[in-house]
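Take a look at the structure set out below.
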Amino acid sequence: MGLKEKIKSNEKLKKLALWMLMPRNQARPRLWVKLFVNPLKHKKGKHSLIRRRTRMDVLPFNNFILGRDSTIEDFSTVNNGVGDVLIGERTRIGLGNVLIGPVKIGNDVMFAQNVVLSGLNHGYENINVPPSLQKVSTKPIVVEDQVWIGANAVVTAGVTIGKHSIVAAGCVVVKNVPPFSIVGGNPGKILKQYNHKSQQWERAK
C-alpha cells in the first residue's frame, strides 16, 4: 500500500494531511503548497498562460494539466480538489469560467465568458445533515476536441460533449452531446447536427 492509500484509509492521517495542505473550511491551497509543491506536481505546456487574476484552487493529490498554447483568462476558478482538471492544447478558457474536476477538456476548444463545468455533486439525502457536510459524488465531464461553448452555459456532472459541437449561450447541458451537434436551451436539446453525406448542418427532427 502506497503513502497516498495509507493516508486515505486512516481518518486521522487524512484530516492532518488536509489541514497541512489547505486552511480549515477553505478550498484553496496554503501558500507553501502553491509555491513549492504544485509547480513540481502540475504540468503547464510551453507558451501556455494562466492570467494573474485566476483563482487556482489546485492541490497536489489530484492532477492539473494545461496544454501547450492554452490560456485560462482572468477571474476564472479552477478546482481539482475532488478530481483531475486536464486541459488540452490551443484551448482558451474564457473570462470568469469555473472548472471543478473531474474535468477533461480537449484540444482547440473555446469557452466564452462565465461558463461552469462541475463534475461534483453534494449529497442531500440525509435530511438531518446539511448538504455541505454530506459526502460528495463525482462523475467526469469530458469536452472533446474543437468544441465551442457559449457564454453562461452550464455543463453538469457526467456529461460528454462530442467533437466539434457547439453549446449555445445560456444552455444547461444535462445529457451527452453527440459529435458535430449544436445544443441550446434549458435543459439542453439538439438543435442541429452535421450530415456528413450532404455536408450540411441540418435541423434536428
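The residues of the chain are indexed from 1 along the displayed sequence. On a predicted model such as this, the values are computed, not experimentally measured, just so you know.
Nearest heavy-atom pair across Arg53 and Asp74 is N-OD1, 3.1 Å. Contact record, Val177 with Ser165: CG1-OG, 3.8 Å, taken as the closest heavy-atom pair. In terms of heavy-atom proximity, Gly150 sits nearest to Ala112 at C-CB, 3.7 Å. Met20 and Trp32 get closest at one heavy-atom pair: O-NE1, 3.1 Å. What you find for Val159 and Ile161 is that their closest heavy atoms are CG1-CG1, 4.0 Å. Minimum interatomic distance between Ser70 and Gly88 (heavy atoms only, all atoms of both residues): OG-O, 2.6 Å.
Val58 and Ile100 fall into different hydrophobic clusters, where Ile, Leu, Val, Met, Phe, Trp and Tyr residues are linked whenever their side-chain heavy atoms come under 4.5 Å apart, directly or through other members. No single ILVMFWY cluster, assembled from side-chain heavy atoms under 4.5 Å apart, contains both Val142 and Trp148. One hydrophobic cluster, built from ILVMFWY side chains closer than 4.5 Å, holds both Leu35 and Phe61. Under the 4.5 Å side-chain contact rule for hydrophobic residues, Val155 and Leu120 do not share a cluster. A single hydrophobic cluster is seen to contain both Phe36 and Leu59, as judged by linkage of ILVMFWY side chains at heavy-atom distances under 4.5 Å, directly or through other members.
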* To do: Run the numbers on Leu86 and Phe64 for side chain to side chain contact (heavy atoms under 4.5 Å, CB included), then give the verdict.
  => CA-CA 6 Å; Leu86 311 175; Phe64 168 74; over 6 Å; no
* Stepwise, does the side chain to side chain contact (heavy atoms under 4.5 Å, CB included) test hold for Ile182 with Ile190? -> CA-CA 6 Å; Ile182 300 175; Ile190 296 175; over 6 Å; no
* Between Val143 and Val103, does a side chain to side chain contact (heavy atoms under 4.5 Å, CB included) hold up when you go through it step by step? -> CA-CA 8 Å; Val143 179; Val103 169; 5.6 Å; no
* To do: Would you check, one step at a time, whether the test side chain to side chain contact (heavy atoms under 4.5 Å, CB included) holds for Arg30 with Leu21?
  => CA-CA 6 Å; Arg30 293 187 185 275; Leu21 293 170; over 6 Å; no
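Val174 places a side-chain heavy atom less than 4.5 Å from the side chain of Pro187. Looking at heavy atoms from C-beta onward, Leu66 lies in side-chain contact with Ile50 at the 4.5 angstrom threshold. Residues Asn126 and Gln134 meet the side-chain proximity criterion, which asks for heavy atoms closer than 4.5 Å. Proximity of Pro140 to Lys104: side-chain heavy atoms (C-beta onward) are nowhere separated by under 4.5 Å. The shortest distance between side-chain heavy atoms of Ser118 and Val98 does not fall below 4.5 Å.
The main-chain N or O of Leu133 is never found under 3.5 Å from a side-chain atom of His122 such that the two would form a donor-acceptor pair. The backbone N or O of Ser48 sits nowhere less than 3.5 Å from a side-chain atom of Thr71 that would complete a donor-acceptor pair. Formation of a donor-acceptor pair under 3.5 Å by the Asn79 side chain with backbone atoms of Gly81 is found in this model. Side-chain N or O atoms of Asn80 include none that pairs as donor or acceptor with a backbone N or O of Pro102 at under 3.5 Å. In terms of modelled atom types and a separation under 3.5 Å, the side chain of Asn176 and the main chain of Thr160 share a donor-acceptor contact. For the pair Asn186 (side chain) and Gly170 (backbone), a donor-acceptor distance under 3.5 Å is absent.
Distance CD1/Ile166 to NZ/Lys192: 9.0 Å, rounded to 0.5 Å. One finds the CG atom of Asn97 at 7.0 Å from the CG atom of Asn114 (value rounded to the nearest 0.5 Å). Between the CZ atom in Arg55 and the CD1 atom in Ile72 there is a gap of 14.5 Å [rounded to 0.5 Å]. If you take CD on Gln113 and OG on Ser76, they are separated by 10.0 Å, rounding to the nearest 0.5 Å. Once rounded to the nearest 0.5 Å, the distance linking CG of Leu99 with OG1 of Thr54 reads 10.0 Å. Here the straight-line distance linking atom CD of Glu202 with atom CG of Leu191 works out to 14.5 Å at 0.5 Å rounding.
Heavy-atom contacts from other residues, nucleotides or ligands closer than 6.0 Å to CD1 of Ile127 number 12 or fewer. Enclosure of atom NZ in Lys34 is not indicated, since only 12 or fewer non-hydrogen atoms of other residues, nucleotides or ligands lie within 6.0 angstrom.
Ion pairing between Glu73 and Arg92 holds under the 4.0 Å rule for side-chain N and carboxylate O. With respect to the salt-bridge test (charged N to carboxylate O, under 4.0 angstrom), the residues Arg90 and Asp108 qualify.
Remark: the Lys41 side chain and the Asn63 side chain contain an N/O donor-acceptor pair separated by less than 3.5 Å.
In summary, of the residues considered (Ile87, Val85, Val147), a side-chain contact (heavy atoms from CB on, under 4.5 Å) with Ile105 occurs for Ile87 alone.
Between Phe180 and Tyr194, the ring planes are tilted. Angles from 30° to 60° get that label.
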